[in-house]
*Asks:* 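Below you will find the structure I want to go over with you.
This one's a predicted model, so the numbers in the text were calculated from it and none came from an experiment. Ligands are counted one by one from 1 in listed order, and the atoms in each one are counted from 1 as well.
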Amino acid sequence: MDHEAERAALVTAYRALKDEGLIVGRAGNVSLRVADGLLITPSAVRAERMQPHDVASVPFEGSARGRPSSEWRFHRDLLAARADLCAVVHTHSVNATALAVLRRPIPASHYMVAMAGGHEVPLAPYATFGTEALSAAIVATLHTVDACLLANHGVVAAGATLEVALDLAREVELLATIHRAALAVGDPVVLPPEEMDRVLAAFRDYGR
Ligand code: 13P
């Protein structure tokens with residue numbers, strides 16, 4: 001079996017997301033760049049049953065080996081479009097998806113939205129799962145930031161490493177939880193663009 005360490009890392013990542021409650025049932029998938037393509041978690045396999053040999057391989061050109069996640073297309077297209085990214089995480093984590101169902105991005109109600117690389121965690125328009133239309137919407141939305149909500153669907157978070165992408169998926173869920181809690185009692189104050197520019201500059205030094 002090729003890429004044994006990477007396959008094991010993807011299974012470990014998927015199980016961690018499940019144990020942390022970000023993945024429920026079979027809703028979610030994780031991918032990692034390898035030479036000429038990516039490895040991705042299999043479609044419709046529960047975390048408890050998933051094994052490294054179930055991980056599928058999707059080349060940038062040509063057809064997949066194994067049974068890749070039904071969302072392989074946006075993982076592939078995003079990694080092809082963004083040479084700086086090596087890992088992609090998709091979840092239906094509850095609080096972020098609740099905002100996505102309301103078709104609301106996560107604004108700068110907390111300065112940590114800068115972790116995604118911009119002034120908000122944006123919302124990609126709705127398209128049916130697994131389609132080219134969804135992939136195009138995600139690639140366009142993640143042109144300058146590394147995470148977004150998907151209308152009526154969930155979250156995508158990406159990073160230069162699997163660890164960075166996982167941490168960003170966790171952070172988006174935390175930010176959505178805080179924002180939802182604040183919305184329940186009032187109107188959250190959103191930080192102005194000039195402050196978010198300062199935070200982004202500080203993050204560059206901090207090493208996000
Ligand atoms: P897969 O099991 O095919 O990865 O699909 C789950 C999912 O999250 C679809 O959006």
*Asks:* Looking only at atom types and distance, does a side-chain atom of E173 sit under 3.5 Å from a main-chain N or O of N95, one as donor and one as acceptor?
*Replies:* yes
*Asks:* Any sub-3.5 Å donor-acceptor pair from R65's side-chain atoms to V58's backbone N or O?
*Replies:* no
*Asks:* Quick one: do R180 and L99 satisfy side chain to side chain contact (heavy atoms under 4.5 Å, CB included)? Show the steps, please.
*Replies:* CA-CA 8 Å; R180 271 196 64 195; L99 294 175; 4.0 Å; yes
*Asks:* Using heavy-atom distances only, which candidate in R67, R46, R26, E71 approaches atom 9 (C) of ligand 1 most closely?
*Replies:* E71
*Asks:* At less than 4.0 angstrom from any non-hydrogen atom of A27, what atoms of ligand 1 do you find?
*Replies:*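 Near A27, meaning under 4.0 Å from one of its heavy atoms, ligand 1 has 8 (O).
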*Asks:* Can you name the atoms of ligand 1, numbered from 1 with element, that are less than 4.0 Å from a heavy atom of H90?
*Replies:* 8 (O), 10 (O)
*Asks:* Which atoms of ligand 1 sit under 4.0 Å from any heavy atom of H153?
*Replies:*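 Result: 10 (O).
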*Asks:* Would one find an N or O of A44, backbone or side chain, under 3.5 Å from an N or O of ligand 1?
*Replies:* yes
*Asks:* Among T91, N29, I23, V45, which residue places a heavy atom closest to atom 7 (C) of ligand 1?
*Replies:* N29
*Asks:* Would you call E195 and R198 a salt bridge, taking side-chain N to carboxylate O under 4.0 Å as the test?
*Replies:* yes
*Asks:* Are V30 and V164 grouped together when hydrophobic residues (ILVMFWY) are joined by side-chain heavy atoms under 4.5 angstrom apart?
*Replies:* no
*Asks:* Check each of L200, V113, V190 against H119 using the side chain to side chain contact (heavy atoms under 4.5 Å, CB included) test, and report the only one that passes.
*Replies:* L200
*Asks:* Suppose we call two aromatic rings close when their centres sit under 6.0 Å apart. Are H92 and H153 close by that rule?
*Replies:* yes
*Asks:* For S69, take its heavy atoms, then give the atoms of ligand 1 lying under 4.0 Å from any of them.
*Replies:*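 Selected atoms, number and element: 1 (P), 3 (O), 4 (O).
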*Asks:* Do G28 and ligand 1 have an N or O pair less than 3.5 Å apart?
*Replies:*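 Yes - when backbone and side-chain N and O of G28 are compared with those of ligand 1, one distance drops under 3.5 Å.
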*Asks:* Around atom 5 (O) of ligand 1, find the nearest protein heavy atom and jot down its residue, atom name and distance.
*Replies:*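 Its nearest protein heavy-atom neighbour is S70 OG, 3.2 Å.
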